[in-house]
Amino acid sequence: KAGVTQTPRYLIKTRGQQVTLSCSPISGHRSVSWYQQTPGQGLQFLFEYFSETQRNKGNFPGRFSGRQFSNSRSEMNVSTLELGDSALYLCASSLRQGGNTGELFFGEGSRLTVL
Amino acid sequence: DQQVKQNSPSLSVQEGRISILNCDYTNSMFDYFLWYKKYPAEGPTFLISISSIKDKNEDGRFTVFLNKSAKHLSLHIVPSQPGDSAVYFCAASVRNAGGTSYGKLTFGQGTILTVHP
């Protein structure tokens with residue numbers, strides 16, 4: 001069974017630009033969550049999508065947005081990039097059904113560097 | 001406000017001995033706790049979880065203990081192996097909110113475990 005796939009794995013942008021990251025969940029998983037990992041703040045929840053609807057949102061500015069498609073694939077977008085947006089962006093998928101363990105399966109992440 | 005804290009940034013253990021990783025939380029709404037392991041350049045990998053209705057859960061060499069009154073949980077690895085060397089994250093969630101928070105985990109800062117041969 002293929003795991004969570006994130007693209008691109010690495011990218012470099014400059015301040016003010018925007019970026020779109022993509023995530024393909026494990027087949028059959030309908031929930032996709034996004035996390036930002038930085039040395040200072042650790043792993044922080046960005047948002048969760050289920051059935052093409054945002055179900056939860058973390059404490060991030062409106063520059064961070066996302067969406068989910070009918071095939072459960074998800075994208076996140078960061079506009080007007082700032083230096084502080086440099087981070088590892090992790091996508092996770094889960095079955096999100098009653099009685100499951102709540103286990104999230106993470107991808108390898110997209111490493112964004114903002115210059 | 002850090003709701004999940006792992007106060008030990010690092011832990012060094014000899015192969016074959018027990019590794020104990022600790023985690024404290026402040027939000028009493030948390031009712032589900034998980035441990036993840038992360039190698040460099042990889043995403044976190046789920047290890048073990050525990051619901052707040054239990055105080056212990058065991059899976060092979062890994063055991064998680066939950067002390068709700070102290071808002072404390074710990075992960076025991078016995079025996080420790082060099083391949084266990086990684087960053088370990090404690091995470092918590094509120095699952096009893098009508099099932100709306102499955103994907104929202106609050107993570108601790110992580111503990112770097114090094115197991116020496």
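Please read these numbers as outputs of a predicted model, since none were measured by experiment. Sequence lines set the chain letters: A, B, ... in the order given, protein chains first and strands last, and positions in each chain run from 1.
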- Check: A:Thr14/A:Gln17 side-chain N/O donor and acceptor closer than 3.5 Å: yes

- Message: If I measure from the heavy atoms of chain B, does A:Leu90 come under 4.5 Å with its side chain, its backbone, both, or neither?
- Response: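 When you check distances to chain B, only side chain atoms of A:Leu90 fall under 4.5 Å.
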
- Query: Measuring heavy-atom distances to chain B, does A:Leu88 have an atom under 4.5 Å in its side chain, in its backbone, in both, or in neither?
  - Reply: side chain

- Message: Just checking B:Arg17: does its CZ atom have more than 12 heavy atoms from other residues, nucleotides or ligands closer to it than 6.0 angstrom?
- Response: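 No, because the 6.0 Å sphere around CZ of B:Arg17 holds 12 heavy atoms or fewer from other groups.
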
- Query: Are B:Asn22 and B:His72 side-chain neighbours, meaning at least one heavy-atom pair lies under 4.5 Å?
  - Reply: yes

- Between A:Arg111, A:Gln37, A:Gln44, the one whose heavy-atom pairs under 4.5 Å with chain B are most numerous: A:Gln37

- Query: Which of parallel (below 30°), tilted (30 to 60°) and perpendicular (above 60°) describes A:Phe105 and A:His29?
  - Reply: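 If you compare the ring of A:Phe105 with that of A:His29, the planes turn out tilted.
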
